[in-house]
There are 2 protein chains.
Amino acid sequence: MDRRMTLKALYEHSNCDDCPIRHRAVCAHCEKDELEQLEEIKYYRSFEAGQTLIWSGDQMSFVGSVVSGIASLTQTMEDGRTQMVGLLLPSDFVGRPGREVAPYDVQATTDLVMCCFRKKPFEQLMATTPHIAHRLLQMTLDELDAAREWMLVLGRKTAREKIASLLSIIARRDASINKAGMAGPIVFDLPLTREAMADYLGLTLETVSRQISALKRDGVITLEGKRHVTIPDMGRLMEEAGDDTDGGFLV
Amino acid sequence: MDRRMTLKALYEHSNCDDCPIRHRAVCAHCEKDELEQLEEIKYYRSFEAGQTLIWSGDQMSFVGSVVSGIASLTQTMEDGRTQMVGLLLPSDFVGRPGREVAPYDVQATTDLVMCCFRKKPFEQLMATTPHIAHRLLQMTLDELDAAREWMLVLGRKTAREKIASLLSIIARRDASINKAGMAGPIVFDLPLTREAMADYLGLTLETVSRQISALKRDGVITLEGKRHVTIPDMGRLMEEAGDDTDGGFLV
DNA sequence: CGGAAACCTTGACCGAGATCAAATGGACAG
DNA sequence: CTGTCCATTTGATCTCGGTCAAGGTTTCCG
């Protein structure tokens, strides 16, 4: 894969209603010109599936959030073992205000559109408008909770539980985006290859495949083709994941 | 263990030079009265080894930081499997400003002294003094990086590498607190039982014991008694951990 | 000093998941 | 339709770390 990428900014929209940062910035304390300032330093970028947006150790020039598609954060050891350490779905934030250098690779797992802000101006804006900083702290705390929940998955769950955990995370996020409830069957397309799932779960792709087959055989999920998943009973899936069944909070 | 704990605030010192928050708060932008405000809501608490400060699901009434000793964050599944998701050494921050309920247990792994701030006043202070919020964001980002680095350990490293990783984290922190350099042997006391290490590493205590014995046999570490460790060659240990040898940044 | 309770080590065995290998299926170009 | 490519599935075997069990050390307390 080519290490360089098209850095051309894509000013596709002059005003952007679907930008998650903007939505998040809109609150009782917002002032009109704060939004305008955000607009000024905002731009869009598209990436193809498989592209690496940022390499570990690179200078970071922007922060931003996922508009559509999926990005992933991965760490790699010298011998090639890789571990995905974050899965960024639409509305998730990317970047470390105040940091110069990226601590891990950021990849486009699917075709991806990002809403970006140039980093320096964004940091200045953060310094002058406290509620953006506050919002960012809340988002970072959410990420930290998610990372720590995932540590339990990586450290203590069996392969079957790991798969069920991943499916239930994706299903939950998907249902909340589509504003569907938890009741009734949930249907979605798996946005990850077996290999990407393996990298997220600390497994091999063969084990992922076997466990998905097993969940299918046992009626926990239904598969059409290799990617289209139906979950007839979300509670059952969460049991398989080893989670508290009642802890079904929507993020 | 008793779920209730002595909540008695310990106003041991009326002015506190060793308080990490205060140190962190001292910067070019600090104003005198900000420190005074922090002083007003600050108090100390001591805990015995094994005590649980906060139970998952509890209301949190304070935030604060570790003065001495070690605290740990743990998650537990219904069947008893537990995973430690954070190791809090002196100067590390505890608490989620803006959150009501604790997402995991906080335990005193050793005897512990915390420097606490009542949560509500602290949050108000945060809202009025942006640089505290900023400082907190930086600390949270650090924690997030540490959590993600640990995900690689949990997901992809062998038992031997896991042990070496834990030892090198403790050694690094210890050396930086004592202002010792990385050159030359590093000596410290293991602050964790084999079981606690196992919970942090996603292993069993037997495996921890075996791997420590193996590292001793191979000359990577020296043990006196069960806890007193000498690391003759930090570079060697980091190789065993599977880390980039040159990435020896002190936090 | 003696006995009990933690904590730790070591051994024997087993099994979940890794590894190596081959077959299957779907998408797409020609 | 046919061949190629890639993702996935499935099978056979191996191995690392878990499990069960026994014994050793240290600490603490009467």
Side-chain angles (χ1 to χ4, degrees), chain A residues 1 48-50 77 79-83 109-111 153-167 189-218 221-229 240 242, chain B residues 1 48-51 77 79-83 108-111 153-167 189-218 221-229 240 242:
Chain A
M1 198 180 311
E48 285 170 24
M77 295 171 69
D79 61 7
R81 281 177 281 176
T82 76
Q83 176 65 49
T109 297
T110 64
D111 288 344
V153 174
L154 290 173
R156 292 301 186 194
K157 290 195 177 179
T158 65
R160 171 183 264 243
E161 289 169 334
K162 285 179 175 182
I163 298 287
S165 298
L166 178 56
L167 290 175
D189 282 310
L190 264 181
L192 302 175
T193 65
R194 301 290 185 264
E195 188 179 17
M197 295 174 71
D199 282 343
Y200 198 33
L201 296 165
L203 298 171
T204 59
L205 67 91
E206 293 95 330
T207 298
V208 170
S209 180
R210 272 186 253 272
Q211 295 300 333
I212 288 181
S213 299
L215 288 175
K216 187 169 75 174
R217 175 167 30 74
D218 299 344
I221 62 172
T222 310
L223 265 186
E224 278 167 57
K226 292 159 195 303
R227 298 293 192 90
H228 194 74
V229 180
E240 292 285 355
Chain B
M1 197 180 314
E48 285 171 24
Q51 228 183 329
M77 295 171 68
D79 61 7
R81 282 177 280 176
T82 77
Q83 176 66 49
T109 296
T110 64
D111 287 345
V153 174
L154 289 173
R156 292 302 186 193
K157 290 194 178 179
T158 64
R160 171 184 265 244
E161 289 169 335
K162 285 179 174 182
I163 298 288
S165 298
L166 178 56
L167 291 175
D189 282 311
L190 263 181
L192 302 175
T193 65
R194 301 290 186 265
E195 188 179 18
M197 295 174 70
D199 282 343
Y200 197 34
L201 296 165
L203 297 171
T204 59
L205 67 90
E206 292 94 332
T207 298
V208 170
S209 181
R210 272 187 254 273
Q211 295 300 333
I212 288 181
S213 299
L215 288 175
K216 186 170 76 174
R217 174 168 27 77
D218 300 345
I221 62 173
T222 310
L223 266 186
E224 277 168 58
K226 293 159 194 304
R227 297 292 193 89
H228 194 74
V229 180
E240 292 285 354

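All figures in this text were calculated on a predicted structure; none of them were measured in a lab. Every chain is numbered from 1, with letters handed out A, B, ... down the list of sequences.
As judged by a 4.0 angstrom heavy-atom cut-off over every strand, B/Ser213 is placed among residues touching the sugar-phosphate backbone only. Using a 4.0 Å heavy-atom criterion, one finds that B/Arg160 contacts no nucleic acid atom at all. B/Leu203 comes within 4.0 angstrom of sugar-phosphate atoms only, judged by non-hydrogen atoms across all strands, and of no base. Nucleic acid contact for B/Thr204: base, since at least one base atom lies under 4.0 Å from a heavy atom of the residue.
The side chain of A/Arg210 places no N or O atom within less than 4.0 Å of a non-bridging phosphate oxygen (OP1 or OP2) of C/dG17. Residue B/Ser209 places no side-chain N or O under 4.0 Å from the OP1 or OP2 atom of C/dC8.
Rounded to whole angstrom, the span from the CG atom of B/Asp199 across to the P atom of C/dC8 amounts to 12 Å. If you measure from atom CG of A/Leu205 to atom P of C/dA21, you get 15 Å, rounded to the nearest angstrom. Distance CZ (B/Arg156) to C1' (C/dA18): 11 Å, rounded to an integer number of Å. Atom pair A/Arg194:CZ and C/dG17:C1' shows a separation of 18 Å (rounding to whole Å applied). Taking atom CZ on B/Arg227 and atom P on C/dA6, their separation rounds to 15 Å, with Å as the unit. Rounded to whole Å, the distance from CZ on A/Arg81 to P on C/dG17 is 18 Å. Spacing between atom CD of A/Gln211 and atom P of C/dG17 amounts to 6 Å, rounded to whole angstrom units.
Taking all atoms of both residues into account, the shortest heavy-atom contact from A/Leu192 to A/Met197 is CB-CG, 3.8 Å.
Counting 5' to 3', DNA chain D first comes under 4.0 angstrom of a heavy atom of chain B and last does so at the ends given by D/dG17 to D/dT26.
Not one N or O on the side chain of B/Arg210 forms a donor-acceptor pair closer than 3.5 Å with the backbone of B/Leu205.
For the residue pair A/Ser165 and A/Lys157, a side-chain donor N or O sits within less than 3.5 Å of a side-chain acceptor on the partner.
A 4.5 Å side-chain heavy-atom check between B/Leu167 and B/Leu190 finds at least one atom pair inside the cut-off. For the pair B/Gln83 and B/Asp199, the minimum side-chain heavy-atom distance is 4.5 Å or more. Contact check for B/Asp111 versus B/Gln51: no side-chain heavy atoms found under the 4.5 Å cut-off.
Summary of the strand contacts: A/Ile212 and B/Lys226 both lie near DNA chain D, and taking for each the nucleotide with the nearest heavy atom, the more 5' one is attributed to A/Ile212.
Taking a cutoff of 4.0 Å between a charged side-chain nitrogen and a carboxylate oxygen, A/Lys226 and A/Asp189 do not qualify as a salt bridge.
A donor N or O paired with an acceptor N or O is found under 3.5 Å between the base of C/dC20 and the side-chain atoms of A/Glu206.
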